[in-house]
> 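Submitted below is the structure of interest, expressed as structure tokens.
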Amino acid sequence: MKNLRMIINPLDKKSHINKEIYGNFSEHLGRCIYNGIYVGENSSIPNTDGIRNDIIEAFKNIKLPVLRWPGGCFADEYHWKDGIGDKATRKKMVNTHWGGVTEDNSFGTHEFFRLCELVGCEPYIAGNLGSGTVQELSEWVEYMTFDGVSPMAELRRKNGQEKAWKLKYLGIGNENWGCGGNMNAEYYSNEYRRYATYCRNFGGELFKVACGPNSDDYDWTESIMKNIGSNLMNAISLHYYTVPTGNWNSKGKALTFSDDEYYDTIEKTRFMEELVTRHSEIMSRYDKEHKVGLIVDEWGCWYDVEDGTNPGFLFQQNTMRDAIVAAVNLDIFNRHSDRVIMANIAQAVNVLQAVILTEGEKLVLTPTYHVFDLYKEHQDNTLVYSYCTEEKIDGRSLPAVSQSVSIDENGNLHITLSNCSLSESYEIRCSINDFEMLSASARILSGAPHDHNNFDNSDNVTIKPYSVKTEKDNIIIELPPCSVVAVSVTSK
Ligand code: AHR
């Protein structure tokens, strides 16, 4: 076991950790919405208005703060009026992006807001700029948020929703450099300005999110900042997926991978740090006051689909490797919370790095879900200074340990740590400056890198209580290989 030092200074307060950093993304893709979150009112699976009760409870347990919907690439082909009114007469549509399946539009605006209401999370709507019209999006905003007398507000009432919903987050287009219309940044900026102008603030301030860069496309960010500016947009989105092989034609498998591929994955996911730093630097040149936030509204691992599943459905399993990926990214977002104001893992259920998998009535919480559970204590806290001596994985420039520390409104500290090493344990002696410690409690998620939960064994990887030692102002935390630990420290 190697010894490492960690220093925490609770007096050195950094930035507010928006709870929205712990958000999820749900798209009409594969079995995320239909046969996932939404099973319909007539299903034998216990549900509330068609939404699975076990999923509602699971989201509530991790205090899911925000959910993005309806896409993704799907968003720029979605016509919201097809998803309202009597379900029996709603138009059927073909989901051309994802598997070419026919959808009956039974999950639409009302159902999405009901889901958010049941979970207690903020809705984040992704609007259609790619194939829609300014009028269509502006009417959707009117339909959702206007409480007065108007054609769209009347239509909403006719469809059973008297009061306008509360909507803060509105994305204007998705990946418009690609599936959202193959635009260049200047063209998109002009389109964005037109759309944003007519998305009126009917009830409260709409928080408008512009389509941001694909990964390291720094020119896109530069152009958006220059051509849109902070008066018409509140945030820019960033998408970055971790592909273990770096090859989109053969991405690697979720369950079978070598140690090298495991470390490659963690190395690739750590690229998020550079992305956030460099995009933020560009944004700061135009926006010194940080009026425009960065929203990482798609992130996570993207593997080859599981054998025998529809390639258009992007269904993949989830192991302890994914848990480490989640911990590393959430630490990065915490550490950059002066700019990163929201993040949404892709995706919530049955798609990509899902927090929940379902099969018929069965449900599995993935290792990634458990990381969101361990990290939920950071929500709406203040990030404080922390430093840990850096230990590299043999033969790589990859740090073994990742950490972030926050202080809550009662003055208690919350430490999250992960160890990506597959062979080395670390004993971390953590000293806390100017802090009178009363008690420390901890929880751990650990296992072999391939460990996962499936429908026959849903509790193979779960959070366990953990003990840490305390000595005066020090906490001694042992980090086993491939583990994620959360420690809460109360003050006197
Ligand atoms: O999350 C899957 C897809 O990845 C989304 O639809 C798209 O925005 C991205 O390319």
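Each ligand, and each atom within it, is numbered from 1 in the order the structure gives.
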> Going by the rule side-chain contact (heavy atoms from CB on, under 4.5 Å), which residues pair with Met93 if we only count those two or more places apart in sequence or in a different chain?
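Met93: side-chain contact (heavy atoms from CB on, under 4.5 Å) contacts with Phe74, Glu103, Asn105.
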> Taking side chain as C-beta onward, heavy atoms only, is Tyr303 less than 4.5 Å from Arg321?
yes
> Distances only, to 0.1 Å: what are the N or O pairs between ligand 1 and the protein that fall under 3.5 Å?
{"from": "ligand 1", "atom 1": "1 (O)", "to": "Tyr241", "atom 2": "OH", "distance (Å)": "2.7"}
{"from": "ligand 1", "atom 1": "1 (O)", "to": "Gln347", "atom 2": "NE2", "distance (Å)": "3.0"}
{"from": "ligand 1", "atom 1": "4 (O)", "to": "Tyr241", "atom 2": "OH", "distance (Å)": "3.4"}
{"from": "ligand 1", "atom 1": "4 (O)", "to": "Glu298", "atom 2": "OE1", "distance (Å)": "3.2"}
{"from": "ligand 1", "atom 1": "6 (O)", "to": "Glu27", "atom 2": "OE1", "distance (Å)": "2.7"}
{"from": "ligand 1", "atom 1": "6 (O)", "to": "Glu27", "atom 2": "OE2", "distance (Å)": "3.0"}
{"from": "ligand 1", "atom 1": "6 (O)", "to": "Cys73", "atom 2": "N", "distance (Å)": "2.8"}
{"from": "ligand 1", "atom 1": "8 (O)", "to": "Asn174", "atom 2": "ND2", "distance (Å)": "3.0"}
{"from": "ligand 1", "atom 1": "8 (O)", "to": "Glu175", "atom 2": "OE2", "distance (Å)": "3.3"}
{"from": "ligand 1", "atom 1": "8 (O)", "to": "Glu298", "atom 2": "OE1", "distance (Å)": "3.0"}
{"from": "ligand 1", "atom 1": "8 (O)", "to": "Glu298", "atom 2": "OE2", "distance (Å)": "2.8"}
{"from": "ligand 1", "atom 1": "10 (O)", "to": "Glu175", "atom 2": "OE1", "distance (Å)": "2.7"}
{"from": "ligand 1", "atom 1": "10 (O)", "to": "Glu175", "atom 2": "OE2", "distance (Å)": "3.1"}

> Side chains of Asp331 and Tyr375 only: does a donor on one sit below 3.5 Å from an acceptor on the other?
yes
> Going by the rule ring pair (Phe, Tyr, Trp, His ring centres under 6.0 Å), which residues pair with Phe372 if we only count those two or more places apart in sequence or in a different chain?
none
> Do the cysteine sulfurs of Cys73 and Cys179 sit under 2.5 angstrom from one another?
yes
> By the salt bridge (charged side-chain N to carboxylate O under 4.0 Å, His left out) test, which pairs, at least two apart or in different chains, include something from residues 185-200?
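Matches after skipping sequence neighbours: Glu191-Arg194.
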